[in-house]
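Naming convention: chains lettered A, B, ... in sequence-line order (proteins, then strands); numbering from 1 in each chain.
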Amino acid sequence: MVQDIFAKDIKSAYGLFHEGILALALAERQGMRVDVTYINRQSERITRQIVGLETQFYFSKFFSDWKKSRKGKATKININSSSQLGEYLYGTLELKPTKLTATGKGSTDVEAITQLNIPELNKLLEAKKLKKLRDTYLAGFLREAVDGFIHPFFNLHLVRTFRGSSNSPNFQNVPKRDKVAMQTVRQALYPREGNQLLELDYEQLEVKIATCYHEDPNMLEFIRTGHDFHLDFTKEIFQIDAYDPKVHKVLRAATKNGFVFPEFYGDYYKNCATYMVSNWCNLPSVGIWKAGQGIEVGTEHVSDILLRGGIKSATSFERHLKEIEDDMWNNRFKVYAQWKERWWKQYQKQGYFLSKTGFLFKSVMTRNDAINYPVQGAAFHILLLALIHATKALEREGMKTRIVGQIHDAIVFDVYPPELKKVVRIMKCIMENDVRQIWKWINVPLKVDAELCPVDGSWAEKQDYKI
DNA sequence: GGAACTCGCCAC
DNA sequence: AAACGTGGCGAGTTCC
């Protein structure tokens, strides 16, 4: 049996999870402090906002027409219902969906609704967003709070890639990118009295771990020199010679999240082009673009930049992206591409593979699955190994600082301020050096970034902290 | 009245 | 040749 051949690997993988779950159980027991009074106050405030937005929506012509259209139906109108909205938009009104759901029905998500360009629906979208904050996050914290603490679970037995997960409440999806959502929710979470929250995360961990598998020399060079390859792609896609971070930051974000990462996960130019045009550039998907269209970039608009480079429609943007994709996989990251093929062929032949961390993957996988799983899993295992050693170090040193959570490539601490410097020093050593001593296959440098909150400050107040 | 499903959205 | 990876969770809906 395959299991017998890899007994040694599987045993060490088991050892990691055995020690890992003990360290995570301690973090669960510690828990994170919540401000129940704040949550109650905030929930009431959000409810008032929701009522205001919904009242405006109820007075709209759109709503009265929608309501009329449901005459004679068994269930009465419910503005929270995606299926009712979809029925009305794509059935009754016969609008053409810009996007379909997994089961082939017209989508009613933010992207699809926005493209329909029905201003009255904006109130509904705003209200839905607030409900998410109130009902998922704030209500979840309140429900799970015991004596002013939440104790999120950290599981190691639920994810097919052998990553971890969290629930009740989920500690790993607290709003971060949207500023208002971030503030509203994270202000509910606090350190222990007199303490401060510290978050240490690995920079570019998955990209680096993928490199440990494929060992592409160009990627290795980027990592060793700290070269920003997202910038190279930004310059190519938008044909910019002089990159000015102040002006072109939005284009770099669009490139990184709309092209480079999707390509790494196995997406291809057509999807990326559609997504970049509509979501990141806010440009029309049909017709010839005009000056002054799309997102603002400094003093001009994104269409001005693309037109200057001779890209004048979504169709020509797609052709352009195909060329960049070809160059990406045939030249720049050729060895990476070859590894993907080899890895996939090997899995097809054998029906299983082993991760760098000794985990045996033998389920039925698609091509993208087989390529992504071992990377995602092993990246998390580095974090878990660091977390185990951190837990032991805090215990050994008799420190008052605690680990309260884990977010895939990050550890969250509730720090006793006099120990801050020491914690950072020990952790930097564990995360960047010790794990590489233990796992020699990590042949790339690892780097830790830190974010710190003020003493007695909430999780919303975290700031970059140079270590 | 609960299980199972869909959809949408938050994180990495 | 094929076409974005992993979760948790709330609300609505359908089925038993």
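The side-chain tip of A/R186 does not point at the ring of A/Y137 from less than 6.0 angstrom away and within 45° of straight on. Cation-pi geometry between A/K176 and A/W459 is not satisfied (NZ or CZ under 6.0 Å from the ring centre, within 45° of the ring normal). A cation-pi arrangement is absent between A/K123 and A/F57, since the terminal nitrogen or guanidinium carbon is not both under 6.0 Å from the aromatic centre and inside a 45° cone about the axis.
Annotation: side chain of A/L283 is in contact with side chain of A/V302 (closest heavy-atom distance under 4.5 Å). The side-chain heavy atoms of A/M427 and A/F413, taken from C-beta on, include a pair separated by under 4.5 Å. For the pair A/Y275 and A/N271, the minimum side-chain heavy-atom distance is 4.5 Å or more. Residues A/F171 and A/V412 are in side-chain contact: their nearest non-hydrogen atoms beyond the backbone lie under 4.5 Å apart.
A straight line from CZ of A/R134 to C1' of B/dC9 spans 16 Å, rounded to a whole angstrom. For the pair A/L189 CG and B/dA11 P, the interatomic distance rounds to 14 Å; values are reported in whole Å. Taking atom CG of residue A/N257 and atom P of nucleotide B/dA11, one finds them 12 Å apart after rounding to whole Å.
Comparing A/N372 and A/R367, the nucleotide of DNA chain C nearest to each residue sits closer to the 5' end for A/R367.
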Between the protein and nucleotides 5-8 of chain B, which nitrogen or oxygen pairs come in under 3.5 angstrom?
unit_1, atom_1, unit_2, atom_2, d
B/dC7, OP1, A/T101, OG1, 3.0
B/dC7, OP1, A/T103, OG1, 2.3
B/dC7, OP2, A/T103, OG1, 3.0
B/dG8, OP1, A/T108, N, 2.5
B/dG8, OP1, A/T108, OG1, 2.6
B/dG8, OP1, A/D109, N, 3.4

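Residue A/R143 is in sugar-phosphate contact alone, with no base atom involved, counting any heavy-atom pair closer than 4.0 Å across all strands shown. Within the 4.0 angstrom heavy-atom criterion, only backbone atoms of the sugar-phosphate kind lie near A/Y373; the bases stay farther away. At the heavy-atom level, A/E206 lies nowhere under 4.0 Å from the strands shown.
Salt-bridge annotation for A/K466 and A/D464: absent, with no side-chain N of the basic residue lying under 4.0 Å from a carboxylate O of the acidic one. Salt bridge A/D109/A/K99: present, at least one basic N to carboxylate O contact under 4.0 Å.
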Side chain to side chain donor-acceptor pair (under 3.5 Å) assessment of A/N80 paired with A/K131: CA-CA 10 Å; A/N80 297 318; A/K131 278 182 186 166; 2.5 Å; yes
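Annotation: proximity of residues 149-183 of chain A to DNA chain B (heavy atom, distance under 4.0 Å) is found for A/R163, A/Q172, A/N173, A/V174, A/P175, A/K176, A/R177, numbered in ascending order.
For DNA chain C, the outermost nucleotides in 5' to 3' order that have an atom under 4.0 Å from a heavy atom of chain A are C/dA1 to C/dT13.
Screening A/F380, A/F264, A/Y265, A/F261 for a side chain to side chain contact (heavy atoms under 4.5 Å, CB included) involving A/E206 leaves a single residue, A/Y265.
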